[in-house]
2 protein chains.
Amino acid sequence: MTVMCRTGEHDAHDVYGRLCPCRDVLDLIANKWSTLVIGALENEPQRFGAVQRRLEGVTPKVLSATLKRLEASRLIDRTVFPAVPAHVEYSLTPLGETLVAPLAGLRRWAEEHLDDIGDQPDAD
Amino acid sequence: MTVMCRTGEHDAHDVYGRLCPCRDVLDLIANKWSTLVIGALENEPQRFGAVQRRLEGVTPKVLSATLKRLEASRLIDRTVFPAVPAHVEYSLTPLGETLVAPLAGLRRWAEEHLDDIGDQPDAD
DNA sequence: CTGTATCCATTGGGATACTG
DNA sequence: CAGTATCCCAATGGATACAG
């Protein structure tokens, strides 16, 4: 028997079938900002503006959408501090924290193999 | 000093800045099929049709584009076997193999936390 | 079998301005 | 400060048919 998926009742070898949870996760992170946001929240809660500044290039609209998506998936929490100038903090939920490690693995890979995936041809 | 990026000369804390290699990798896998293709090739070379069947739902056009993108990034190799009915095999390059582990980490996370990210509200 | 060519719908995402 | 509202473009990706 091979790796199984959601139903756990297939003939196997459908690890990448329509029902595999991988699909869900991929749908979640398969966009330009989600993983970056999680990374930005990795060490401490951040305010909207802080995240925006950290993720150079993200516009408020897009950041807002990303934040909501992650919140809906329960990966991050949104905390409002009643104050005159609005103050909101985003933080990883315990669930979100568990995603940090796998994502860090990806980041490490990225840093280690940056040169290899560039389109610079190797000395051949 | 914190984690650094491409240039390695920033003031730090720009791990998610415009120049971070994470961006490149994310651009590469931030789509519906790339990681699935890599996973499908994980154990053995596969033919176009085989990959297509395995990744339920992918259309030839999209699969072709994905394959080319990955090939251009040197994560997979494309081998043509001269034969009457065309025969082409796709396989992971050594570089591609190194991505398997981090990706598997993500897959494991997906399988372990499937229930948590669904939008089913918890018993609150 | 292995793709490519079209056509088309959706949407992610960028820019900017504006409001509570 | 924290977002929302528009406008708009480009790209992803789905369906289908067709070609080497």
Side-chain angles (χ1 to χ4, degrees), chain A residues 16-18 20 22-38 40-41 44-73 75-91, chain B residues 16-18 20 22-41 44-73 76-91:
Chain A
Y16 291 102
R18 279 207 163 80
C20 186
C22 308
R23 295 281 180 109
D24 302 85
V25 175
L26 255 9
D27 283 347
L28 203 57
I29 70 170
N31 69 72
K32 202 169 177 179
W33 304 107
S34 289
T35 65
L36 268 348
V37 168
I38 294 175
L41 263 30
E44 50 192 349
Q46 301 275 325
R47 304 179 55 170
F48 190 92
V51 177
Q52 188 179 2
R53 252 167 282 122
R54 203 151 169 195
L55 272 49
E56 302 181 71
V58 71
T59 60
K61 180 192 126 179
V62 173
L63 178 56
S64 178
T66 303
L67 253 6
K68 287 187 173 176
R69 201 181 307 143
L70 293 175
E71 192 190 356
S73 302
L75 292 177
I76 66 176
D77 267 333
R78 178 176 181 276
T79 310
V80 181
F81 291 81
V84 185
H87 181 138
V88 181
E89 274 190 2
Y90 292 92
S91 56
Chain B
Y16 291 101
R18 279 209 162 79
C20 186
C22 307
R23 296 280 179 109
D24 302 86
V25 174
L26 255 9
D27 283 347
L28 202 58
I29 71 170
N31 68 71
K32 202 168 177 180
W33 304 107
S34 289
T35 65
L36 268 346
V37 167
I38 294 175
L41 264 29
E44 50 193 348
Q46 299 277 325
R47 303 181 55 171
F48 189 93
V51 177
Q52 187 178 1
R53 252 167 283 122
R54 204 152 168 194
L55 273 48
E56 302 181 70
V58 70
T59 59
K61 180 192 123 178
V62 174
L63 178 57
S64 178
T66 303
L67 254 6
K68 286 187 173 176
R69 202 181 306 144
L70 293 175
E71 192 190 356
S73 303
I76 66 177
D77 267 333
R78 179 176 181 276
T79 310
V80 182
F81 291 80
V84 184
H87 181 139
V88 181
E89 274 190 2
Y90 292 91
S91 56

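Naming convention: chains lettered A, B, ... in sequence-line order (proteins, then strands); numbering from 1 in each chain. Here the structure is a predicted model, which is why all the values come from computation and not from measurement.
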Whole-Å distance, B:Glu89 CD to C:dC1 C1', equals 13 Å

Result for 5'-nearest mapping on DNA chain C, choosing between A:Asn31 and B:Leu67, is B:Leu67

Between CD of B:Glu71 and P of C:dT2 the distance, given in whole Å, is 15 Å

| query | Does A:Lys68 have a side-chain nitrogen or oxygen under 4.0 Å from the phosphate oxygens OP1 or OP2 of D:dG3? | reply | no

Side-chain contact check for A:Val88: nearest option of D:dT4, D:dA17, D:dA2 is D:dA2

Examine distances only and state if a side-chain atom of A:Thr66 and a backbone atom of A:Trp33 form a donor-acceptor pair shorter than 3.5 Å. no

Whole-Å distance, A:Gln52 CD to D:dG3 P, equals 11 Å

- Query: Has the side chain of A:Ser64 got a donor or acceptor atom that lies under 3.5 Å from a matching backbone atom of A:Pro60?
  - Reply: no

Separation of C:dG12 atom C1' from A:Leu36 atom CG, nearest Å, is 15 Å

By nearest-heavy-atom nucleotide on DNA chain C, the more 5' of A:Ala86 and A:Thr59 is A:Thr59

From CG of A:Leu55 across to P of D:dG3 the rounded distance in Å is 15 Å

The residue, B:Pro60 or B:Thr66, whose nearest nucleotide of DNA chain D is more 5′ is B:Thr66

Separation of C:dG12 atom P from B:Leu26 atom CG, nearest Å, is 16 Å

dist B:Leu63:CG -> B:Arg53:CZ (nearest 0.5 Å) comes out at 11.0 Å

For a quick check, tell me whether the side chain of A:Lys61 and the base of C:dG14 share a donor-acceptor pair closer than 3.5 Å.
yes

Can you tell me if the side-chain N/O atoms of A:Arg47 get under 4.0 Å from OP1 or OP2 in D:dA2?
yes

Exercise for review: Mind checking A:Tyr90 for me? I need base, sugar-phosphate or nothing, with any heavy atom below 4.0 Å counting as a touch.
Suggested key: sugar-phosphate

Q: Considering just the side-chain nitrogens and oxygens of A:Arg78, establish if one lies under 4.0 Å of OP1 or OP2 belonging to D:dG3.
A: yes

Whole-Å distance, A:Leu63 CG to C:dA15 P, equals 14 Å

Would the distance check show the side chain of A:Arg47 and the main-chain N or O of A:Glu89 forming a donor-acceptor pair, the cut-off being under 3.5 Å? no

Atom CD of B:Gln46 and atom P of C:dG3 are separated, to the nearest Å, by 14 Å

Ranking D:dG14, C:dG13, C:dG3 by distance to the side chain of B:Val62, first place goes to D:dG14

Only residue of A:Leu70, A:Leu75, A:Val58 satisfying side-chain contact (heavy atoms from CB on, under 4.5 Å) with A:Val37 is A:Leu70

